[in-house]
Amino acid sequence: MNLFGNAVPWRSIAREALDRTAIVAKFLCLLHVTNTYVCTPTLVYGPSMLPTLNLTGDVLLAERVSHRLGKVGPGDVVLVRSPVDPRKSLTKRVVAMGGDEVTFVVDPRNSERVRTIVVPRGHVWVQGDNIYASSDSRQFGPVPYGLIEGKMLCRVWPLDGFGSLNH
């Protein structure tokens with residue numbers, strides 16, 4: 001009686017399982033690298049970017065390369081780490097870059113008082129498109145360029161709004 005007679009089928013099954021596990025692991029690594037360094041889907045909701053984005057939520061595709069190459073400028077919608085609460089990311093529009101002068105209404109709901117500042121080098125000025133319901137650089141000041149996490153490429157959901165984010 002041969003105790004190891006059935007070992008050959010088990011080896012092939014184990015090898016097949018190992019090969020499939022390796023494929024899944026490689027796929028997950030590729031997914032992680034793509035999500036961290038190339039592009040990532042982002043759910044954006046709330047009133048701060050009305051009318052550009054929907055109040056109930058949009059899924060946007062954010063690419064994570066341009067800001068590393070210095071290719072972010074005024075008018076771009078960006079994903080920014082909140083300078084107030086680092087656990088949160090914000091989606092805002094870049095209004096001015098370091099060295100630019102920006103004039104803004106301090107409290108648009110209650111007054112027409114304006115203030116002008118020069119954005120420091122290495123910083124950006126970000127604002128929501130809905131100035132009446134946005135917490136942005138008007139409250140927390142210029143944002144260090146290093147807090148930019150990505151530049152929004154396009155809206156992918158809802159499907160009827162699929163495409164670029166024209167202002």
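Residue indices begin at 1 and follow the sequence shown.
A donor-acceptor pair under 3.5 Å is absent between the side-chain atoms of Asp58 and the main chain of Leu60, judged by distance alone. Formation of a donor-acceptor pair under 3.5 Å by the Ser137 side chain with backbone atoms of Gly141 is found in this model. A donor-acceptor pair is defined here as one N or O able to donate and one able to accept, closer than 3.5 Å; such a pair exists between the side chain of Arg121 and the backbone of Gly98. Checked by atom type and distance alone, the side chain of His32 never pairs as donor or acceptor with a backbone atom of Leu30 at under 3.5 Å.
In this structure the side chain of His123 reaches within 4.5 angstrom of the side chain of Pro120, judged on heavy atoms. Contact check for Val106 versus Val114: no side-chain heavy atoms found under the 4.5 Å cut-off. With a 4.5 Å cut-off on side-chain heavy atoms, Thr116 and Val102 do not count as touching. Residues Leu55 and Tyr45 form no side-chain contact, since every pair of their non-hydrogen atoms from C-beta on lies 4.5 Å or further apart. Annotation: side chain of Val65 is not in contact with side chain of Lys151 (no heavy-atom distance under 4.5 Å). Within the 4.5 Å cutoff, no side-chain heavy atoms of Phe162 are placed close to those of Trp157.
Between Arg138 and Val105 the shortest heavy-atom distance is CD-O, 3.6 Å. Residues Arg93 and Thr52 approach most closely at NH2-OG1, 3.5 Å, considering heavy atoms. Of all the heavy atoms in Ala133 and Arg109, the pair that sits closest is CA-NH2, 4.1 Å. Taking both residues in full, the closest heavy atoms of Pro41 and Leu61 are given as N-CD1, 4.1 Å, listed atom of the first, atom of the second, then distance. Annotation for Lys92 and Met49: closest pair CA-SD, 4.0 Å, computed over non-hydrogen atoms.
Think of Tyr132 as one node in a network of Ile, Leu, Val, Met, Phe, Trp and Tyr side chains linked at under 4.5 Å; its network also takes in Ile131. Grouping Ile, Leu, Val, Met, Phe, Trp and Tyr residues whose side-chain heavy atoms lie under 4.5 Å apart, directly or via other members, places Val80 in a hydrophobic cluster with Val72, Val78, Val84, Leu90, Val94, Met97, Val124, Val126, Phe140, Val143, Tyr145, Leu147, Ile148.
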Worked check of side-chain contact (heavy atoms from CB on, under 4.5 Å) between Ser134 and Gln127: CA-CA 7 Å; Ser134 179; Gln127 284 185 202; 5.8 Å; no
Hey, mind stepping through Trp125 and Ile117 against side-chain contact (heavy atoms from CB on, under 4.5 Å) and telling me if it holds? CA-CA 10 Å; Trp125 187 269; Ile117 69 161; 3.1 Å; yes
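Here the straight-line distance linking atom OG1 of Thr91 with atom CG of Leu79 works out to 5.0 Å at 0.5 Å rounding. Interatomic distance, Arg81 CZ to Arg87 CZ, rounded to the nearest 0.5 Å: 10.5 Å.
Annotation: side chain to side chain contact (heavy atoms under 4.5 Å, CB included) contacts of Val118 (sequence neighbours excluded): Glu101. Residues passing the side chain to side chain contact (heavy atoms under 4.5 Å, CB included) test with Tyr37 are Val33, Arg68, sequence neighbours excluded. With sequence neighbours left out, the side chain to side chain contact (heavy atoms under 4.5 Å, CB included) criterion links Ser111 to Asp107, Arg113.
Judged purely by distance below 3.5 Å, without hydrogens or angles, the side chains of Glu149 and Ser89 pair a donor atom with an acceptor atom. In this model, no donor atom of one side chain and acceptor atom of the other lie less than 3.5 Å apart for Asn130 and Ser48. Side-chain atoms of Thr56 and Asn54 include no donor-acceptor pair closer than 3.5 Å.
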Donor-acceptor pairs under 3.5 angstrom involving side-chain atoms of residues 18-28: please list them, not counting sequence neighbours.
{"from": "Arg20", "atom 1": "NE", "to": "Glu16", "atom 2": "OE2", "distance (Å)": "2.8"}
{"from": "Arg20", "atom 1": "NH2", "to": "Glu16", "atom 2": "OE2", "distance (Å)": "3.0"}
{"from": "Thr21", "atom 1": "OG1", "to": "Ala17", "atom 2": "O", "distance (Å)": "2.7"}

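Val156 and Leu43 fall within a single hydrophobic cluster, where Ile, Leu, Val, Met, Phe, Trp and Tyr are joined by side-chain heavy atoms under 4.5 Å apart, directly or via other members. By the rule that hydrophobic residues join a cluster once side-chain heavy atoms approach within less than 4.5 Å of another member, Phe104 and Val95 end up as members of one cluster.
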